[in-house]
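These notes concern the structure reproduced below.
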Number of protein chains: 2
Amino acid sequence: MELNERKMKILQAIVRNYLETGEPVGSRTISKYTDLNLSSATIRNEMADLEEMGYIVQPHTSAGRIPTDLGYRIYVDTMMQEKEREVEELKGTLLEKEERLDQLLKQTAKLLATNTNYASMVSAPSIHQNKLKLIQLSRVNDEQLLAVIVIEGNVIKNTLLNVSEKINEETVLKLNILLNTHLTGLSIEEINLKLISSLKAQAGIHSDIVSDVIDAVAKAIHEEDDLEIYTSGTNNIFKYPELADSSAASELIGAFEEKQALNELVVRTLAESEETGIQVYIGNESPVSTMKDCSIVTATYDLGEGMKGTIGIIGPKRMDYEKVVDNLKDVMRQLDSIYKK
Amino acid sequence: MELNERKMKILQAIVRNYLETGEPVGSRTISKYTDLNLSSATIRNEMADLEEMGYIVQPHTSAGRIPTDLGYRIYVDTMMQEKEREVEELKGTLLEKEERLDQLLKQTAKLLATNTNYASMVSAPSIHQNKLKLIQLSRVNDEQLLAVIVIEGNVIKNTLLNVSEKINEETVLKLNILLNTHLTGLSIEEINLKLISSLKAQAGIHSDIVSDVIDAVAKAIHEEDDLEIYTSGTNNIFKYPELADSSAASELIGAFEEKQALNELVVRTLAESEETGIQVYIGNESPVSTMKDCSIVTATYDLGEGMKGTIGIIGPKRMDYEKVVDNLKDVMRQLDSIYKK
DNA sequence: TGTTAGCACTCATTACTTTCGAGTGCTAAC
DNA sequence: GTTAGCACTCGAAAGTAATGAGTGCTAACA
């Protein structure tokens, strides 16, 4: 059977209507509210076909139809129209430049959640492949040394090192020079064992400190691995009855809190993001099993210097996909304009 | 009317029973399961008295009684028995030493939540009254200067400063010495305008940088003001039907996400913590209006050097107060032993 | 051949009634 | 002061009936 234009129109009408009301939609509704001028009986015949083809289902006999995951998919892929939203409306919700990236991302998550009425997540950019920009040791007191590590993209990490031998300013200076001349500009992978032992040899009696510093560098990178994820509007899920019953809600909220699941989502999105800017996961397509009854729309942002992160909106399957996509695009534009100055 | 011993025993039995079952408890139950050897009729008479005195209520005629906030309060204040819990059991759940305080606190929150089956929160210590330990400027490149600020308690902040004039290593060294000799050891309040202008004068053409650094110091402190709060086990509230219905749950979860309310809780706890180690807020006693139907048990931990923070457990009013208090005490002991080495 | 009117049928939802039993308050007797 | 007994209350659960939205199917129509 072929999905001809009339069937498309009917399917589209069903999805639209269901997105709005959340109620199964019947043949009579479609017949009245479309410009097809067909009687409900005809619509019924077509709907029977659409059901056979797998685009819609009846929750029970004698109920209207609701879209299947496949139905949503067709809708999202081919029928969604770009809403021409007034730029005015979005102007009021501009992100403000923040000097702290984490604040900006928190703000982004919140903005998206309040704008869309769904739950949102924003992952901090991962900086995997970046290069060391500066290492700076400072003497805090006789026993403590502060190591500051700056990575390309201006990510800064610091660690306090406890040293056994007393150490004077001059030694610190020497170590600084030693470390910076040899390590600056290198990526994490380029710091190998050979380089490390060479450095240790040059440091002489202070080789312990070199070890510690390199450990700290390794750890600084590693820390970034279990990446930060900001969420907002988690409680928006209670606005949608299909997600609000306590077992479903509990699972979802658990997933949001644990962040393990979200992490998976981020990884998957980043992996697939080469092709398309925005990805839509509907129901079972989701990388995360606890979100079987949700749809997830994700986007990848790029702050330059290899700093890429993921933004996602999680809501019911009957979410307003147009609005969500629009919002994501807008936020990405804003992030761009803030960082690519 | 006097709350004599028999009434106490009966009240205690009612509370205990209700904590376990969550069902209103009737006279017959009490008569059977206490060693008072009284008939249900007698118990009924006493219960009528207890109701008149405001310790218990009937949710409706012909139902058993449940404790009022006042009833819980009496129970918590005078009838709760210190459970002798086996130390063994808790050993398995020891906190591990982490070099990053935030990780440790996250872990603490999680531990508490899983152990108690309630929601938990842990606030990062506020460092209000602390002293500057070290300022360290480093040249990143021609335009950028890295300022690292270490505050007592080893809290480290860093900022990147953009400088207009090119600056060489020597100048950086001089500025470092200037700033450290004058600022180290001072508390935030002691850095006044007079001192600042004196420093600027000594810095000569680089007075801009001094300004920037001092701004950064101020901001570092300010950032700490909107303090970090870690939560865990939020979805545990779904385990208690009285909190699980969607409107109540939504409010609670919103409060947990926003953290504004939790912040209030922290402030209040810290303010009142002088007197007692552990505080219990029952129902309407709560500082946070969204938690009217909850009980909150909080404790203040002290890592030394003025670093104080709050730990809290939030659950239904019929929470297992003994268990919660035990758990909090244990966690505080563990935090102590980790940090007071 | 595609479209439509009409009709019997299904089934979730809602409201109403009944039954059941846990628990009470009160009275009278011990 | 304590207890047995009894009438009474009222929520929860179960059963029943009415409602109506929506379907599939058939037969007639253009």
Side-chain angles (χ1 to χ4, degrees), chain A residues 1-11 13-18 20-68 71 241-242 245, chain B residues 1-11 13-15 17-18 20-68 71 241-242 244-245:
Chain A
M1 208 176 322
E2 187 208 6
L3 189 62
N4 59 24
E5 190 166 349
R6 194 168 76 177
K7 283 194 172 58
M8 295 263 282
K9 271 194 175 167
I10 292 172
L11 177 55
I14 292 172
V15 175
R16 285 260 167 78
N17 204 289
Y18 186 66
E20 265 179 43
T21 64
E23 300 284 305
V25 5
S27 54
R28 195 126 183 289
T29 318
I30 300 298
S31 132
K32 267 195 293 189
Y33 296 106
T34 48
D35 49 356
L36 289 166
N37 281 332
L38 291 173
S39 76
S40 61
T42 315
I43 303 286
R44 273 205 290 285
N45 290 331
E46 295 287 38
M47 281 166 94
D49 290 353
L50 283 170
E51 178 155 14
E52 201 183 327
M53 294 161 84
Y55 297 123
I56 52 181
V57 277
Q58 285 182 284
H60 56 264
T61 346
S62 88
R65 306 300 213 288
I66 62 176
T68 58
E242 61 264 51
D245 82 289
Chain B
M1 209 176 325
E2 190 210 3
L3 189 61
N4 59 25
E5 190 167 346
R6 194 167 78 177
K7 284 193 172 58
M8 296 262 282
K9 272 192 173 166
I10 292 171
L11 177 55
I14 293 171
V15 175
N17 205 290
Y18 186 67
E20 264 178 44
T21 64
E23 301 284 304
V25 3
S27 54
R28 191 117 190 296
T29 318
I30 300 297
S31 131
K32 267 195 293 190
Y33 295 106
T34 50
D35 49 358
L36 288 167
N37 281 332
L38 292 172
S39 76
S40 63
T42 313
I43 304 284
R44 274 204 291 283
N45 291 330
E46 295 286 38
M47 281 166 94
D49 290 353
L50 284 169
E51 178 155 15
E52 200 183 326
M53 295 161 82
Y55 297 123
I56 52 180
V57 277
Q58 286 182 284
H60 56 264
T61 344
S62 87
R65 308 298 213 288
I66 62 175
T68 59
E242 61 264 49
D245 83 288

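Mapping B:N45 and B:G64 onto DNA chain C via the closest heavy atom, the residue that lands nearer the 5' end is B:G64. Looking at which nucleotide of DNA chain D each of B:S62 and A:Q58 is closest to, the 5′-most match is held by B:S62.
Atom pair A:D49:CG and C:dT3:C1' shows a separation of 14 Å (rounding to whole Å applied). As rounded to whole Å, 9 Å separates atom P of C:dT24 from atom CD1 of B:I14. As a whole-Å value, the separation of A:L38 CG from C:dA5 P is 11 Å. One interatomic measurement links the two molecules: OH of A:Y18 to P of D:dG22, which rounds to 14 Å at whole-angstrom precision. Separating the CD1 atom of A:I66 from the C1' atom of C:dA12 is a distance of 14 Å, rounded to the nearest angstrom.
Listed here is the closest heavy atom pair of B:S39 and B:S31: C-CB, 3.9 Å. Considering every non-hydrogen atom in both B:G54 and B:T68, the closest pair reads O-OG1, 2.7 Å.
Residue-level contact check: B:S40 touches neither bases nor backbone, having no heavy atom under 4.0 Å from any strand. Residue contacts shown for A:A41 include a base, since a base heavy atom lies under 4.0 Å away. When heavy atoms are screened at a 4.0 angstrom cut-off, B:T42 is found touching base atoms of the nucleic acid.
Nucleotide D:dT19 has C:dA12 as its partner under the Watson-Crick or G-U criteria, with both atom distances under 3.5 Å. Look at C:dT27: its Watson-Crick or wobble partner, with both distances under 3.5 angstrom, is D:dA4.
Between A:R6 and C:dT3 there is a side-chain polar atom (N or O) within less than 4.0 angstrom of OP1 or OP2. For C:dT4, one of the phosphate oxygens OP1 or OP2 lies less than 4.0 angstrom from a side-chain nitrogen or oxygen of A:S39. The phosphate of D:dC10 has OP1 or OP2 within less than 4.0 Å of a side-chain N or O from B:T61. Look at A:R65 and you'll find a side-chain N or O under 4.0 angstrom from OP1 or OP2 of D:dT23.
A side-chain donor-acceptor contact under 3.5 Å links A:T34 to the backbone of A:I30.
No more than 12 heavy atoms of other residues, nucleotides or ligands lie within 6.0 Å of CZ in B:R28, so this atom counts as exposed by the packing criterion. When the shell of 6.0 Å around NZ of B:K7 is examined, it contains more than 12 heavy atoms from other residues, nucleotides or ligands.
Between C:dT10, C:dT24, C:dT4, one nucleotide has an atom nearer to the side chain of B:M47 than all others, and that is C:dT24.
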